[in-house]
K.L.:
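Right, I'll just put the structure down here and ask away after.
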Amino acid sequence: MFLVHNLSGSLLPELEEQGAMRRNDYYIPVSCEEKAADLGNTKDGGDSKYDSIPLSSLKSDEAASGPKQGPTFQDGQRRVDYVLTYHVQKPQSVRRKTSHFGDYRILRILRRSLSMMKGRDMPPPKEDPEVAAHKHRLDYHEDDKRFRQTEFEDNLREMGLELEKDEGNKIPGIGFLKIHAPWNVLCREAEFMKLKMPTKKVYEVKQGSNVVERINLFIRKVTAPLHPKVEPNRAQNVKHLSHPFSREKQHLFDLSDRESFFDSKTRASIVYEVLKRTRCTKAKYTMGITSLLGNGVYTAAYPLHDVGILPHILSIPMQSQALCDQATLIVSLLVLQGDVDGMGPEANDRKILYEEWASYSVFYKYQPIGLIRKYFGEKIGLYFAWLGVYTQMLIPASIVGAIVFLYGCATVDNDIPSMEICDPRNNITMCPLCDRACSYWELKTACGTARASHLFDNPATVFFSIFMALWAAMFMEHWKRRQMRLNYIWDLTGFEEEEDHHRTEYEIQVMQKTLKKQDMSPKDKKVKLTCTDRAPAYMMGLFTMLFMVGVTFAVVFGVILYRISIRAALHMSSNPTARSNIRATVKGTAAVINLVIIIIMDEIYGALARWLTLLEVPKTDKSFEERLIIKTFVLKFANAFSPIVYLAFFRGRMVGRPGDYVYVIGSYRMEECAHAGCLMELCIQLCITMLGKQLIQNNLFEIAIPKIKKLIRRRKSDMDSQQQEDYNMTLQRHEKDHFLGPFVGLSPEYMEMIIQFGMVTLFVASFPLAPLFALLNNIIEIRLDAKKFVTEVRRPIAARAKDIGIWYNLLRGLSKVAVIVNAFVISFTSDFIPRLVYQYMYSPDGSMHGFVNHTMSYFNVSDFQPGTAPLQPMHLGYEVQICRYKDYRETPWSNTPYDLSKEFWAILACRLAFVVVFQNVVMLMSDFVDWLIPDIPKDISLQIHKEKILMVELFMKEEEGKKLLRDNHANQSPLQPRSRPASHTPSN
């Protein structure tokens, strides 16, 4: 049974006294330990047994609030709209209390008696001057913080906000400042912020013609099981006319329920605007909430999540031990599951989001975008809406990619070049793949690689590349239309972003510059940071980024050396198994090494980009975010795609030929592609990188890291699991949210998807299954992010936004670059162009028979450079005089031996022509799609026009009503002079 110990009932008067102190604006905080010690000195508390009071008899503020929504002040009426936390300095006399107050009282009496004896007999000990000076500086620093805190809170009260402090000992050393915005402040700030609020006017929304409405109704019925159960049962074709809130026009709005007119998200954003506008001005420099947070005056600032069922359970009277035990079990389960699972029959927005959005069991359903926007704001709502559109658009791309892959599987047995390579009758002896250690080998041993390459290098991949280019254009247009529809639904059509407030770091730098120039500059001159002040940071950032990109290239080169050396080592191995799987071993291990390096360097680059952005001291949060995004994107893009670009465009291009190979760092010979080309290795690298980043970096890290942090906190805690559960049950909403992780923004989430979008579009010609892997990852990613936002991080400030900002420009740029990249992949990496050239220019019968022989040149083994010939020339059992290698060169017996042949130049010209034609045709088709699909849906443009007309009619009726009132007043005005003399006659 849950009990609270009390000393002869004297705890309740102490609580009343504490409540009176909290109601006072200025008071000295008294720790609960000292209060407990003073309670031990009561006249009957030392020897009497402890009385027990059921915890259900203590009414919590949330339980006593009645119909109020969310956490409230101590009075149970005023809602907590925002919370600031700060450090509470403990007095030095405070000691850790024991489990019995009586023992603590005895120890306190002994300490007092000993101190009195020391005071009589011995002089006071001398304190170290350095220690005393350090304590004095700390005390001065704390006093300065308290001074600024007091001034800031006084200014908040002058702005109309109501404050209440909570300095209990549930979280030692942390105090909470609860902030409530009364109705007049909400109305004033809503008018300043030009918030659009729904009016009483309701109009009908038409979806289009009757045919369109019937189609939409049919689709809605078919997809009804896929929609989350979040929307109330109301007509979907009715919408409130919205208008910027005005105190002079309050009659236009439905103010019958003032508590729900401004929801919790809007109230928190209004309080946050007041906090950003409030300044401390009594010191030499002004400080806002950002500077106060940066200097440690306040440690955190956040709005509150919706409350759970916990306070209501604790307020239920326990009539029996069995009932109490059941309640104990229920509460323990709630604590273990989090305070979201069991929120009672009255479901709030957070509970609905948890059940219908943040659960993996509803992965097949649409996201409740409207409720996400209502709870988290437009900016986060737009991110999840974009992620949902992107995931939906991946479905057709995945289907087409799977069909292309299956087409390659179905036609692999009919592919003539791979059949020629696998034919044992073609006894083609190939030149060694490395110097000395490698020997001659037969082409038929590359049969498996050739057949596997056909799965991805077939005529269908060209079609798929064109399809994906058009898909990217369709995706961008579809998102623009979806974004415009959301702007209309969310009343953001006329929204314009206001000037953002200054960042903490910027204010600190301006403050330091002001202190340096306070004697040199006039006081009325405004100080700001110029490009000259930021020039060292700009130069530092530029050279650092160039250096890190160079480090990325060096890492790629290191992996190249690994592949070269491990191939030579495996060729020298005496193990027949190792010698038979050289290609697979080298490809697989190199891809895994690249993946590990990419994951490690991603974390380093993310921290480095933030550090470089902080050095530049951006003025606003928007500027900081854009600069951070650019730096992070450049570094992470180079990190993720450098190995892929090398395999696609550089490997096998600068090899040389037998007898005249290109060497790097002494005796390391540049890598060659397999006879079927480098496309297979490119596919392996893309597959491992994409799956590894998604499974390990994106999903596993996001799941494992929070659990590891919780485990570490439990290990560091002195309490066992039962004590931890009991402790969690006593916490209020603002205290629980304090333990949640801070919201770090949407940039990491967007960056994951942008890199994935690059993987899907840039090299899709070499890996048609990339959209399918991205689709499966995003299905998990949506629910993973949803659970993180609902249960693991503090509630973010509801930021208004009408688009996704700079991320759209990055997506559009990637979609344009993808066309060029895929053109080069098809032209130079695959064998598509050489096959076409051979079939229509060199084939005697117009078929692909003889293509393999056409792509290989001859080499006389007597032309090997000294020291490069194989150590085991009789490895195949016979003497080799002529070997073959893949290239277009003249024969050894020609007049120009080993020079590039005319076939090489003909194929190169065709490759370049294909790049030009493919790029222009596909971009022209993409632009045509862009022009064909309007950015604003027709029904939305009609509804926006209809809203303007209805708003004009509404104001015209209002003016007519005012005119009638003036006319009636004018008609009654002639009667007034007759009555006035009679009323004033007695006074004369």
K.L.:
Could you measure the distance from the CE atom of Met751 to the CD1 atom of Ile755? Nearest 0.5 Å is fine.
P.N.:
6.5 Å
K.L.:
Give the minimum heavy-atom separation between Pro303 and Pro796, together with the two atoms involved.
P.N.:
CG-O, 3.9 Å
K.L.:
Quick check: do Leu195 and Arg800 have side-chain heavy atoms less than 4.5 Å from each other?
P.N.:
yes
K.L.:
Is Lys379 atom NZ crowded by more than 12 heavy atoms from other residues, nucleotides or ligands, each under 6.0 Å away?
P.N.:
no
K.L.:
Suppose we call two aromatic rings close when their centres sit under 6.0 Å apart. Are His738 and Phe176 close by that rule?
P.N.:
yes
K.L.:
Taking atom types as modelled, is there a side-chain donor on Asn778 or Gln756 under 3.5 Å from an acceptor on the other?
P.N.:
yes
K.L.:
Check for me whether Arg610 meets the cation-pi criterion with Tyr605, that is, NZ or CZ under 6.0 Å from the six-membered ring centre and within 45 degrees of the ring axis.
P.N.:
no
K.L.:
Which heavy-atom pair separates Val760 from Ala774 by the least distance, and what is that distance?
P.N.:
CG2-CB, 3.7 Å
K.L.:
Which heavy atom of Pro368 sits nearest to which heavy atom of Trp357, and what is that distance?
P.N.:
CD-CD1, 3.7 Å
K.L.:
Evaluate the salt bridge (Lys or Arg N to Asp or Glu O under 4.0 Å) criterion for residues Glu616 and Arg627: first the C-alpha distance (whole Å), next the side-chain angles of each, then the deciding distance (0.1 Å), finally the verdict.
P.N.:
CA-CA 9 Å; Glu616 297 177 1; Arg627 297 185 186 190; 3.2 Å; yes
K.L.:
Would Asp491 and Lys196 count as a salt bridge (Lys or Arg N to Asp or Glu O under 4.0 Å) if you check the C-alpha gap in whole Å, the side-chain angles of each, and the deciding distance to 0.1 Å?
P.N.:
CA-CA 7 Å; Asp491 299 318; Lys196 276 191 172 183; 5.7 Å; no
K.L.:
Report the distance from atom CD1 of Ile372 to atom CD of Gln367, rounding to the nearest 0.5 Å.
P.N.:
5.0 Å
K.L.:
Applying salt bridge (Lys or Arg N to Asp or Glu O under 4.0 Å), run through Asp349 and Lys374 and close with a yes or a no.
P.N.:
CA-CA 8 Å; Asp349 293 340; Lys374 178 185 176 184; 3.5 Å; yes
K.L.:
Distance check, rounded to the nearest 0.5 Å: Ile940 atom CD1 versus Ile489 atom CD1?
P.N.:
6.0 Å
K.L.:
Between His180 and Arg79, what is the shortest heavy-atom contact and its length?
P.N.:
ND1-O, 2.8 Å
K.L.:
Please report the C-alpha distance between Glu356 and Lys351 in whole Å, then the side-chain angles of each, then the deciding distance to 0.1 Å, and finally whether the salt bridge (Lys or Arg N to Asp or Glu O under 4.0 Å) criterion is met.
P.N.:
CA-CA 9 Å; Glu356 297 293 332; Lys351 175 182 172 61; over 6 Å; no
K.L.:
Take Val821 and Thr761 through the test side chain to side chain contact (heavy atoms under 4.5 Å, CB included) and record every step on the way to the result.
P.N.:
CA-CA 9 Å; Val821 171; Thr761 56; over 6 Å; no
K.L.:
How would you list all residue pairs meeting ring-ring contact (aromatic ring centres under 6.0 Å, His included) that involve residues 770-819, not counting sequence neighbours?
P.N.:
Phe376-Phe789, Phe384-Phe789, Phe743-Phe789, Tyr750-Trp807, Phe767-Phe773
K.L.:
Take atom NE2 of His87 as the centre, draw a 6.0 Å sphere, and report whether it contains more than 12 heavy atoms from other residues, nucleotides or ligands.
P.N.:
no
K.L.:
Check whether Ser623 reaches the backbone of Lys619 with its side chain - one donor and one acceptor, N or O, closer than 3.5 Å.
P.N.:
no
K.L.:
Check the pair Thr299, Thr85 against side chain to side chain donor-acceptor pair (under 3.5 Å), reporting the backbone distance first and the verdict last.
P.N.:
CA-CA 5 Å; Thr299 57; Thr85 65; 2.6 Å; yes
K.L.:
For Met159, look at atom CE and say whether over 12 heavy atoms of other residues, nucleotides or ligands are found less than 6.0 Å away.
P.N.:
yes
K.L.:
Looking just at side-chain N and O atoms, do Ser264 and Arg795 make a donor-acceptor pair shorter than 3.5 Å?
P.N.:
yes
K.L.:
Mind checking whether Tyr390 and Trp386 have ring centres under 6.0 Å apart?
P.N.:
yes
K.L.:
Do the side chains of Asp935 and Arg481 get nearer than 4.5 Å, heavy atoms only?
P.N.:
no
K.L.:
Does either side chain, that of Gln483 or that of Asp803, offer a donor lying less than 3.5 Å from an acceptor on the other one?
P.N.:
no
K.L.:
Identify the two heavy atoms, one from Glu749 and one from Tyr383, that lie closest to each other, and give their separation to 0.1 Å.
P.N.:
CB-OH, 3.2 Å
K.L.:
Give me the atom names and distance for the closest heavy-atom approach of Pro198 to Ser242.
P.N.:
CA-OG, 4.0 Å
